[in-house]
Amino acid sequence: MLDEKYLNLLAEKYDCEEKVATEIINLEAILDLPKGTEHFVSDLHGEYQAFQHVLRNGSGNVKVKIRDLFEGEMPEEELNEFATLVYYPEEKLQLIKSEFTSKTKLREWYVETIERLLKLVAYASSKYTRSKLRKALPNQFSYIIEELLYKTDEFTNKKEYYEKMVEQIIALNQTDKLIIGLAYTTQRLVVDHLHVVGDIYDRGPDPHKIVDTLIDYHSVDVQWGNHDALWLGAYAGSKVCLANIVRICARYNNLDIIEDAYGINLRPLVNLAEKYYEDNPVFRPKRISDEPLTDQEQLQITKIHQAISIIQFKLESPIIKRRACFDMEDRLLLEKVDYTNEEVTLNGVTYKLENTCFATVNPERPEELLEEEAQVMDKLLFSIQHSEKLARHMNFLMKKGSLYTRYNGNLLIHGCIPLEENGDMKEMEIEGKTYAGRELLDVFEHYLRYAFAHPEETDDFATDMVWYLWTGENSSLFGKREMTTFERYFIKEKETHKERKNPYYHLREDEGMCRKMLAEFDLNPDYGRIINGHTPVKEIDGENPIKANGKMIVIDGGFSKAYQSTTGIAGYTLLYNSFGMQLVAHQHFSSKKEVLSNETDVLSVKRLVDEELERKKVRETNIGEKLLEEIADLRNLRKHRYMK
Ligand SMILES: O=P(O)(O)OC[C@H]1O[C@](O)(COP(=O)(O)O)[C@@H](O)[C@@H]1O
Ligand SMILES: [Mn+2]
C-alpha cells in the first residue's frame, strides 16, 4: 500500500477518475509498443566530426529506413543524395539548390522532397506514440507537420489539401527551414537512446564539442572511461590528474582545448617551459592538425610537454607513498633514476635513459616541485575549477555518467571487472575493508562522487582515488598492472613499455566467465551481455569484437585517428532495436566535405549479434519496468480515492 502522503500528491495531478483511467490506458498501451532503438558508441576520443557522422546517420539506420521506403522508386544516386540531405541538411540544401537554374524545377524538387521527408518521418516514428513524435518535431513547425502527417490520409481530397499547404510553405519562404527540421526529426527518431561507453576525452581535437552535442541530445547515458575520469579528477582538485590532461593535450597538439575551448591561461606554464626546456624529439607533438605547425609553435609545445610531464611524475610520488593500498611503489621511478649515469634499474635490469629532461629535478629529493612549478599548478588548478564551460561539461558527465550501467539486461562498462587468473573477482583493500566485483566498483564510484562534491580538497583519499581510477592496477577503467608513461618517453627497450593486462582481457573470451560476471551484477546471464570499450579491437589481425558466444561485445574499434592504423577500421557502434542487436563496423571517415560532395556514405558493414525470437516490447525494458510501477500506483490511487 502506498503511503497516504504519496497518494495525496498523485491525486493532485490526477484529480478525477477519468484522468487516472486515461493515464492507465495510455501507459498500458505504451508497454505493448516495440522497444526503442538503443545506439552504443565508445572511445570517441575527441573525434567530433566522425561522431557527428555516426550520430547523424544513426549508424546506418537512416539509410536502412530510406531504402525500405524508396528502393526501386529512386535510383541509387538519388537515394544517396537524399540520405546526405538527411544527414547534413543545411549544407546539402545549399549544394542542391545551387545546381538548379529554373525556379519551376526547384519548386518541383521542394514539393517532392517535402513529401518524401514526411513519409520518412512517418515511417521512422511508426513505433512511437504521437506524443513522443510531437516532442521530436521542430517546435515552430510542429502544427503544420502534424497536419501534413495525419490529415493527409483521412481526406479524399488529400492531394489538394497537401498541395495547398506546401504551396503556402514555399510562398512564405519557409521551405528550407521545414526541410532542415524534418531531417533532424528523422535523425532523432531513428535512435531512441544513446549510450556512450567511455572515453570522450583526449587524443582528438574536439571533446568539448562532443559534450555540447551530448548535452543537447534527447536521451543519453555515459559510462565513464579512464580519460573521462582523468578530466573529472582534474576538475575535482587532483593536480596529478590535471598534469596528465595537460600532458596529453600537449602530446597530441591539442592545447587549444585547454586554452580556447575552456579558457584556461597557459602563460605561467609556457614561461616555466621556456626557461628550463629545449627541443626533444620524443616530446614533439604527435598529431598533425589541418594547419601544420610552424617550427616555433612545435618547439613551444615540445617544451610545454616536457615541463608538464616532469611535474606529473613528481606529483605521483607523494600519492604513491601516502596510499599504501594503491600498491604502486614500483612506480616511484624518479627516485630510482641514477642521475649521474642517466640510468634506471627496473626488475634487476639497468637501462640507459634517453631524451632526458631533468633540469628541474633535484636528485636528492626528486619528488619536490620547484617553487615555480608549484605556482604553475596552483594557477592552473584555480583556472580549471573556475572555467564555466568545463564546470558545465563535468557536471553533465556526473549527472548522466557512472562507472557502469545496467540497462535492458545488459552490463555497460568501459574497461573491465578486475579478475584473478582463476576467474575470481580480484579483491582490493580500501581503508581497512576488502571489496571485489560489483561492490568494488560501487566503492570506486562513491569516491569519485565524493571527490567531485569536494573540489576544495586536493590531497584527500577520494581525490587520490580518482587518479587511481586512471592508472591503478585494480581500476575497472584501466585494468592493467602499470602505465608505462615514463618508460615510453625515456627508455628505448620496448620490453619496458609493455603494460600487463588484467586476466579479464583474456578470460572475457569465455562464455562461462561472462555469465558469472553478469550474475555478479544481478543480471540474467541467459539474456544479458557485457558491452565494453577501452581496448581497440584489431580487425586487422583478425580479432573478433563479438566474443564468448555473443555474451561479450567490444566496441572500441578506433574512432581515434591515432589508433586507426592498429585497428584497421574507424570504429564500431552497436544498435539494439526490437528485432535484436547488430554490430556496425565503420570504415575510415575522411571529412564532412567529402560526404557532402561525393555522397559516399562511410561504408559500414553490419554483423548480426543476435536476432530476437519475438519482437521485444517496451514492457521488457527498464522503461517498461518503471511504467509498470507507475501503473500499479495509479491503480492504487483509483482504488483508494475513487473506490474503483
Ligand atoms: O598512445 P599514447 O597516447 O601514448 O597512450 C598510451 C597510453 O594510453 C593508455 O592506453 C590509456 O588510454 P586508453 O584508455 O585509450 O587505452 C595507457 O594504457 C597507455 O600508457
Ligand atoms: Mn580507455
Side-chain angles (χ1 to χ4, degrees), residues 41-47 196-205 207 210 222-233 240-241 243-255 257 281-288 301 305-306 308-309 312-313 316 328 331 333 355 397 401 403-404 412-418 444 466-491 494-502 504-505 531-538 554-567 571-572:
V41 302
S42 90
D43 297 85
L44 301 169
H45 282 301
E47 297 296 340
V196 182
V197 195
D199 279 357
I200 295 166
Y201 279 89
D202 291 332
R203 300 205 180 101
I210 296 180
V222 176
Q223 292 69 49
W224 302 314
N226 45 338
H227 290 272
D228 309 319
L230 199 60
W231 281 74
L232 287 168
V240 73
C241 289
N244 263 288
I245 64 172
V246 177
R247 177 182 65 81
I248 298 172
C249 282
R251 178 167 171 79
Y252 284 91
N253 181 17
N254 283 325
L255 288 167
I257 300 170
V282 281
F283 286 92
R284 287 184 197 143
K286 277 179 82 157
R287 188 182 67 96
I288 314 294
I301 297 171
H305 189 183
Q306 294 169 84
I308 198 69
S309 299
Q312 178 198 314
F313 297 133
E316 288 173 356
M328 290 177 74
R331 301 305 302 154
L333 293 168
N355 307 304
L397 282 186
L403 265 192
Y404 65 88
L412 283 55
I413 179 165
H414 177 71
C416 70
I417 299 150
F444 284 151
V466 187
W467 175 67
Y468 185 82
L469 284 177
W470 159 246
T471 191
E473 175 181 13
N474 297 317
S475 157
S476 56
L477 298 181
F478 181 50
K480 301 178 191 167
R481 177 67 187 94
E482 63 278 283
M483 196 177 284
T484 57
T485 314
F486 183 93
E487 293 88 326
R488 286 163 189 242
Y489 284 129
F490 300 121
I491 304 176
K494 281 265 194 296
E495 77 249 22
T496 63
H497 301 181
K498 203 168 159 36
E499 299 178 341
R500 288 165 291 167
K501 286 192 178 133
N502 182 276
Y504 172 88
Y505 292 101
I531 321 280
N532 255 179
H534 189 51
T535 46
V537 175
K538 296 178 181 161
V554 187
I555 59 170
D556 180 5
F559 267 94
S560 177
K561 287 219 178 80
Y563 278 48
Q564 283 172 6
S565 55
T566 48
T567 60
Y572 294 108

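Atoms within a ligand are numbered from 1 in the order they appear, just like the ligands themselves. Everything numeric here is computed off the predicted structure, so don't read it as measured data.
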Check: Going from CD on E499 to CZ on R481, what distance comes out if it is rounded to the nearest 0.5 angstrom?
Finding: 12.0 Å

Notebook entry, point to check: Where does the angle between the aromatic ring planes of Y489 and F313 fall among parallel (under 30°), tilted (30 to 60°) and perpendicular (over 60°)?
Noted result: perpendicular

Checklist line | Candidates L469, L477, D202 - the one meeting side-chain contact (heavy atoms from CB on, under 4.5 Å) with N226 | finding: L477

Item checked: Partner of H414 by side chain to side chain donor-acceptor pair (under 3.5 Å), out of Q223, H534, H227 -> H534

Notebook entry, point to check: After noting the C-alpha distance and the side-chain angles of F559 and L44, does the key distance pass the side-chain contact (heavy atoms from CB on, under 4.5 Å) rule?
Noted result: CA-CA 5 Å; F559 267 94; L44 301 169; 3.9 Å; yes

Notebook entry, point to check: Heavy-atom distance under 4.5 Å between the side chains of D228 and D199, does that happen here?
Noted result: yes

Check: Atom OH of Y201 and atom CD1 of I248: how far apart are they, to the nearest 0.5 Å?
Finding: 13.0 Å

Check: Excluding waters, which protein N, O or S atoms are within less than 2.8 Å of the Mn ion (ligand 2)?
Finding: D199 OD2, N226 OD1, H414 NE2, H534 ND1

Item checked: Within the protein, residues bringing a heavy atom under 4.0 Å of ligand 1, chain by chain -> H45, D199, R203, N226, H227, R251, Y252, F478, K480, M483, R488, E499, H534, Y563

Checklist line | Salt bridge present between E47 and K561 (N-O < 4.0 angstrom) | finding: yes

Next item on the list: Look at R331 together with E473 and state whether they make a salt bridge at an N to O cut-off of under 4.0 Å.
Entry: no

